[in-house]
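Numbers here simply count residues along the sequence, with the first being 1. Here the structure is a predicted model, which is why all the values come from computation and not from measurement.
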Amino acid sequence: MEPNVVFLVGICESKPMESVMQDRPKEHGTSQQRPDAEIRQEIHERLDEDPLLDAGGIFISVIGGRVLIEGSVENDEAKHRAETHSRQVSGISGHDSNLCIRKPQ
């Protein structure tokens, strides 16, 4: 079963992970339980290793295996790449994105 994905396009205000997670159904039967810190670290490594992505404005939170990726990136491709990298990590129970695209200066 695919993790639930929520895209909030064009919204750059941050919300605490707990408020995003509130009222979500608890997922049972996760076969690969990994520590949240380990999941977060692997996502950061994947983002940092991507030569086409500036991960400086991206922030990752993981609570109970559920990933929240937020911040801002330079374009649609960077947004897609960051979301893809963060979804490919094993052991996550869900994924939410609050990434937005920076306006050119």
Side-chain angles (χ1 to χ4, degrees):
M1 188 164 132
E2 295 274 332
N4 293 331
V5 178
V6 177
F7 293 99
L8 303 174
V9 179
I11 299 174
C12 283
E13 62 188 64
S14 294
K15 295 182 180 181
M17 180 77 162
E18 292 78 14
S19 70
V20 172
M21 303 273 304
Q22 198 171 26
D23 300 326
R24 296 221 183 237
K26 303 253 189 239
E27 300 194 24
H28 300 286
T30 305
S31 60
Q32 288 184 302
Q33 294 250 336
R34 292 178 66 192
D36 292 342
E38 187 179 297
I39 293 171
R40 183 176 177 273
Q41 180 63 35
E42 184 176 339
I43 293 170
H44 274 292
E45 288 170 3
R46 287 175 181 240
L47 295 175
D48 290 339
E49 290 171 0
D50 187 331
L52 301 177
L53 185 62
D54 175 12
I58 300 174
F59 305 95
I60 306 294
S61 302
V62 182
I63 296 178
R66 187 169 199 92
V67 174
L68 173 63
I69 183 170
E70 55 189 340
S72 62
V73 293
E74 52 278 350
N75 55 42
D76 284 320
E77 180 183 351
K79 182 175 188 248
H80 177 73
R81 293 179 76 82
E83 290 169 344
T84 299
H85 286 308
S86 62
R87 271 192 220 102
Q88 291 176 339
V89 174
S90 66
I92 69 171
S93 62
H95 185 278
D96 294 300
S97 175
N98 194 18
L99 283 177
C100 63
I101 297 167
R102 285 181 228 130
K103 293 184 180 182
Q105 296 187 18

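Looking at every heavy atom in both residues, L47 comes nearest to A82 through CD2-CA, 3.7 Å. Residues G64 and D36 approach most closely at N-OD2, 2.9 Å, considering heavy atoms. What you find for R34 and G91 is that their closest heavy atoms are CD-CA, 4.1 Å. Of all non-hydrogen atoms in S86 and H95, the two that sit nearest each other are OG-NE2, 2.6 Å.
For H44, the side chain to side chain contact (heavy atoms under 4.5 Å, CB included) partners at least two apart in sequence or on another chain are R40, I60. For R46, the side chain to side chain contact (heavy atoms under 4.5 Å, CB included) test picks out E42, H85, Q88, V89, with sequence neighbours left out.
Note on residues 48-57: pairs passing salt bridge (charged side-chain N to carboxylate O under 4.0 Å, His left out), not counting sequence neighbours, are D50-R81.
Within the model, atoms CG of N75 and CG of L53 stand 9.0 Å from one another, a figure rounded to the nearest 0.5 Å. Atom CG in L68 sits 6.0 Å away from atom CG in D96 (nearest 0.5 Å). Rounding to the nearest 0.5 Å places OG of S97 at 11.5 Å from NE2 of H80. Between atom OG of residue S90 and atom CD1 of residue I39 there is a gap of 7.5 Å, rounded to the nearest 0.5 Å. One finds the CD1 atom of I92 at 6.5 Å from the CD1 atom of I43 (value rounded to the nearest 0.5 Å).
No side-chain heavy atom of R66 sits under 4.5 Å from any side-chain heavy atom of I63.
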